[in-house]
Amino acid sequence: MSVIVWITEGTWPACVAAALARTSPDEEIVLLYVNDDALAETAHGAFAGLLGRGHRERDPGTRLEHLAAASAHRLLQDAADRLGRDCVRMERAGRVEREVVLAAQGADLLVLARDGDRGRLGPHSLGPATRFVVDHAPCPVLLVWPGEAPRTTLPPPPPPGHHH
């Protein structure tokens, strides 16, 4: 069985804990981090268009790429340390939601966390990228709360404009 654990800032500990609780030691765990390269691309473009003719060494997009790579490495290392067992570390770059879906091709399970409004149940508990991944994942998805789930005795109210 191959389990992909989507590592993101702030939610990765819950995902790693869920993967540990639901896998045996002989199952492969892949820690996946996706760098959204849109910010660096924007900085490259702005610099080239406005400021950087002939001074590529001053391009802020390059600095952003280095910072993103260092952050990815740190998060994956922290997640691997918390996992405490052999795992595969996978780094991808691009549109986050699409890269996660592509990385999950052939996986037996994808573990990810809610990343929206954590104070209440309902559709806003998922951010746009996570919603896309949940809707389009090519494998079963385990969606976890990054902390304690909101306490409630009733299901969430219907969306606005919904008629019974």
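Given the structure is predicted, the values throughout are model-derived calculations rather than measurements. The figures that follow rest on heavy atoms only: side chains count, while hydrogens, waters and symmetry mates do not.
Hydrophobic clustering, with ILVMFWY side chains joined whenever heavy atoms are under 4.5 angstrom apart, keeps V133 apart from Y33. Neither W145 nor L126 shares a network with the other; the hydrophobic side chains, linked directly or stepwise wherever heavy atoms of I, L, V, M, F, W or Y lie under 4.5 Å apart, form separate groups for each. Neither L142 nor V101 shares a network with the other; the hydrophobic side chains, linked directly or stepwise wherever heavy atoms of I, L, V, M, F, W or Y lie under 4.5 Å apart, form separate groups for each. At a threshold of 4.5 Å between side-chain heavy atoms, the hydrophobic network of Ile, Leu, Val, Met, Phe, Trp and Tyr places V3 and V141 in two separate groups.
Of the charged side-chain nitrogens involved, at least one lies within less than 4.0 Å of a carboxylate oxygen, so that E9 and R74 count as a salt-bridged pair.
In terms of heavy atoms, A80 sits closest to C87 at CB-SG, 4.0 Å. Here the shortest heavy-atom pairing between P13 and R82 reads CB-NH1, 3.2 Å. Looking at every heavy atom in both residues, A107 comes nearest to C139 through O-CB, 3.2 Å. Across all their heavy atoms, E27 and R22 have their closest contact at OE1-O, 4.0 Å.
More than 12 heavy atoms of other shown residues, nucleotides or ligands fall within 6.0 angstrom of atom CG in D81.
A distance-only check finds a donor-acceptor pair linking the side chain of T23 to the backbone of A19 [under 3.5 Å]. With hydrogens and angles ignored, the 3.5 Å screen pairs no side-chain donor or acceptor of D36 with any backbone N or O of R95. Side chain of D108 to backbone of S2: a donor-acceptor contact under 3.5 angstrom is found. Distance alone, capped at 3.5 Å, places no donor-acceptor pair between the Q105 side chain and the L102 backbone.
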query: Does the pair W12 and L75 meet the rule for a side chain to side chain contact (heavy atoms under 4.5 Å, CB included), with working shown?
result: CA-CA 8 Å; W12 68 265; L75 281 173; 3.5 Å; yes

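Side-chain contact check for T130 versus E97: every heavy-atom pair is 4.5 Å or farther apart. Residues V5 and I7 meet the side-chain proximity criterion, which asks for heavy atoms closer than 4.5 Å. Using a 4.5 Å heavy-atom cutoff, the side chains of N35 and E91 are not in contact.
Atoms CG and CG, from L110 and L112 in turn, are 5.0 Å apart once rounded to the nearest 0.5 Å. Rounding to the nearest 0.5 Å places CG of L32 at 6.0 Å from CE of M90. Rounded to the nearest 0.5 angstrom, L83 CG and L76 CG are separated by 11.5 Å. For the atom pair CZ (R131) and CZ (R114), the distance works out to 8.0 Å, reported to the nearest 0.5 Å. Remark: L20 CG to I29 CD1 distance equals 5.5 Å, nearest 0.5 Å.
Considering L31, V30, V100, V111 in turn, V30 is the only one that fulfils the side-chain contact (heavy atoms from CB on, under 4.5 Å) rule with I4.
Partners of H136 under the ring pair (Phe, Tyr, Trp, His ring centres under 6.0 Å) rule, at least two apart in sequence or in another chain, are F132.
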